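Here the structure comes first, spelled out in structure tokens, and everything after it is commentary.
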2 protein chains.
Amino acid sequence: MKIQPLLTYINKIVTLTEDEELYFASKLVYRKYLKGQYILQQGDICNTSCFIISGCVKMFYVDDLGQEHIIMFGVENWWASDLGSFISHAPSDFNVQCIENTELIQISRSNIEKAYSKIPKLERLFRIIIEKAYVASQKRIVRNFSMSAKQRYLVFKQSYPEIEQRIPQYMVASYLGITKEFLSKIKSQIANQH
Amino acid sequence: MKIQPLLTYINKIVTLTEDEELYFASKLVYRKYLKGQYILQQGDICNTSCFIISGCVKMFYVDDLGQEHIIMFGVENWWASDLGSFISHAPSDFNVQCIENTELIQISRSNIEKAYSKIPKLERLFRIIIEKAYVASQKRIVRNFSMSAKQRYLVFKQSYPEIEQRIPQYMVASYLGITKEFLSKIKSQIANQH
DNA sequence: AAATAATATTAAACTAGATTAACATTTAAT
DNA sequence: ATTAAATGTTAATCTAGTTTAATATTATTT
């Protein structure tokens, strides 16, 4: 099982003993998905949290008008799950779909709870992980309120240059909350402005 | 020191022994602010997290054009702090200002770290608190992307009816990410539509 | 009670971004 | 190599929300 990337990631935040690593590893499931497959579907209950080893996923929801809104992308060393559904057993508002062949590590709700009890350090680990995710989420709200679409695109480009290369432009537009046509216009503006 | 509301709040999430409560309480500072006073100012480092006992605060930032954007309100039993600044010692992007006389309980970064070490259960407590905050933040991003200003206003009204009563309308507009003039228009539309 | 400051309303002109639709280009499949 | 499918571009028209500015209302202070 290729869990080394996850252990490396964890050890940057907390230090686990060999026994703890072994125990935690026993609670994990390694899994491969093909491009196009769904890890989670809107309406289902999200029972696992996924740590991405390789590949790329999009998290999105489809609104009443059938329009897709991408909430986030996930690549190597990112977590993907609908935490709201995961923690409260509620039907998920989101889909998580692979946009590349993807390898990931899953941990189920019951197993993560067992691991928390056995290794309290993991509470610390996930507190810190979620703190960071929350801060990033707040910053995104701020950007959405005070920046134009063009500025948001430039921030995205600068923050995630590798992601932009890997996904079609219409998905970037969806992530930015604008239409693909308008992103196209923005890009030609940028290209012609010097 | 009036920390009972905080202990009551905590005990809904984790169970502390009497000793643990005493230890934790020894790390807290009770404080009163007057309407208009700042708990945190943009550019300062946020060194404390605040639990509100009574009163109301707004968290906002002022953009390059001098415009104020309200990120959240805090009332009884809510936390207020710039977590990004708090966890990374970085200058804060936000102001937190009292819009009513406010009583709150502060815990400093160093004291919360001490408390985490002494009482690992607190890691769990704050993991759970931040999980909830993160989920709420994600939901707000979704709303901002897929709902009109009118719909967002109606959701706000329904979610926080008590808050709407306590704050001026132009602050609601700022929180919703629209101008006060447009909120006024929305309200008259709603009033005239039956 | 009058005066001032703070908050809210209304309406006209304006703009960022959406919608529609036609066309161009790239990628994948046969 | 050809075709079909997916992705990207361009331009005209439209709309949700902004800006500006004048006026009205409500609180607060003296």
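Keep in mind that the numbers below use all heavy atoms, side chains included, and drop hydrogens, waters and symmetry copies. Note on naming: letters A, B, ... go to the chains in the order of the sequence lines (proteins, then strands), and numbering restarts at 1 for each one. Since the structure is predicted, the reported quantities are computational estimates derived from the model, not experimental observations.
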Worksheet item: Does a side-chain heavy-atom distance below 4.5 Å link A:Asn11 with A:Glu21?
Response: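 The answer is yes, as the side chains (C-beta and beyond) meet within the 4.5 Å cut-off.
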Discussion item. Is there a side-chain contact between A:Phe94 and B:Val142 in this structure, where contact means two heavy atoms from C-beta onward sitting under 4.5 Å apart?
Written reply: yes
Roughly, in whole Å, what's the span from [atom1] in [X] to [atom2] in [N]?
{"X": "A:Asn144", "N": "C:dG17", "atom1": "CG", "atom2": "P", "value": "11 Å"}
{"X": "A:Lys185", "N": "D:dT10", "atom1": "NZ", "atom2": "P", "value": "11 Å"}
{"X": "A:Ile99", "N": "D:dT7", "atom1": "CD1", "atom2": "P", "value": "10 Å"}
{"X": "A:Lys150", "N": "C:dA16", "atom1": "NZ", "atom2": "C1'", "value": "12 Å"}
{"X": "A:Glu181", "N": "C:dT20", "atom1": "CD", "atom2": "P", "value": "10 Å"}
{"X": "B:Ile190", "N": "C:dT9", "atom1": "CD1", "atom2": "P", "value": "12 Å"}
{"X": "B:Met147", "N": "D:dA16", "atom1": "CE", "atom2": "C1'", "value": "15 Å"}
{"X": "A:Ile186", "N": "D:dT9", "atom1": "CD1", "atom2": "C1'", "value": "14 Å"}

Filtered N/O pairs between nucleotides 6-8 of chain C and protein, under 3.5 Å:
from, atom 1, to, atom 2, distance (Å)
C:dT7, OP2, B:Tyr170, OH, 2.9
C:dA8, OP1, B:Gln169, N, 2.9
C:dA8, OP2, B:Gln169, N, 2.9
C:dA8, OP2, B:Tyr170, N, 3.0

Worksheet item: Salt bridge or not for A:Glu131 and A:Arg127, using N-O below 4.0 Å?
Response: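 Yes.
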Worksheet item: Salt bridge between A:Arg124 and B:Glu113, side-chain N to carboxylate O under 4.0 Å?
Response: yes
Practice prompt. Give a yes or no on whether the backbone of B:Gln151 and the side-chain of B:Arg143 come within a donor-acceptor separation of less than 3.5 Å.
Written response: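 No, because the side chain of B:Arg143 does not come within donor-acceptor range (under 3.5 Å) of the backbone of B:Gln151.
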Close N or O pairs between protein and nucleotides 25-28 of chain D (under 3.5 Å):
none

Worksheet item: Hey, is NZ on A:Lys150 packed in by over 12 heavy atoms from elsewhere, all under 6.0 Å?
Response: yes
Worksheet item: Which nucleotide in the set D:dG17, C:dG17, C:dA18 lies at the smallest distance from any side-chain heavy atom of A:Thr179?
Response: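 Comparing D:dG17, C:dG17, C:dA18 against the side chain of A:Thr179, the answer is C:dA18.
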Practice prompt. Measure from the side-chain heavy atoms of A:Ile178 and tell me the nearest of D:dT19, C:dG17, D:dG17.
Written response: C:dG17
Worksheet item: Less than 6.0 Å separating the ring centroids of A:Trp79 and B:Tyr134?
Response: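 No, they do not, as the ring centres are separated by 6.0 Å or more.
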Worksheet item: Using 30° and 60° as the class limits, which term best fits the ring planes of A:Tyr61 and A:His69: parallel, tilted or perpendicular?
Response: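 If you compare the ring of A:Tyr61 with that of A:His69, the planes turn out parallel.
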Practice prompt. Can you label the angle between the A:Tyr160 ring and the A:Trp78 ring as parallel, tilted or perpendicular, going by 30° and 60°?
Written response: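 Plane angle over 60°, so perpendicular.
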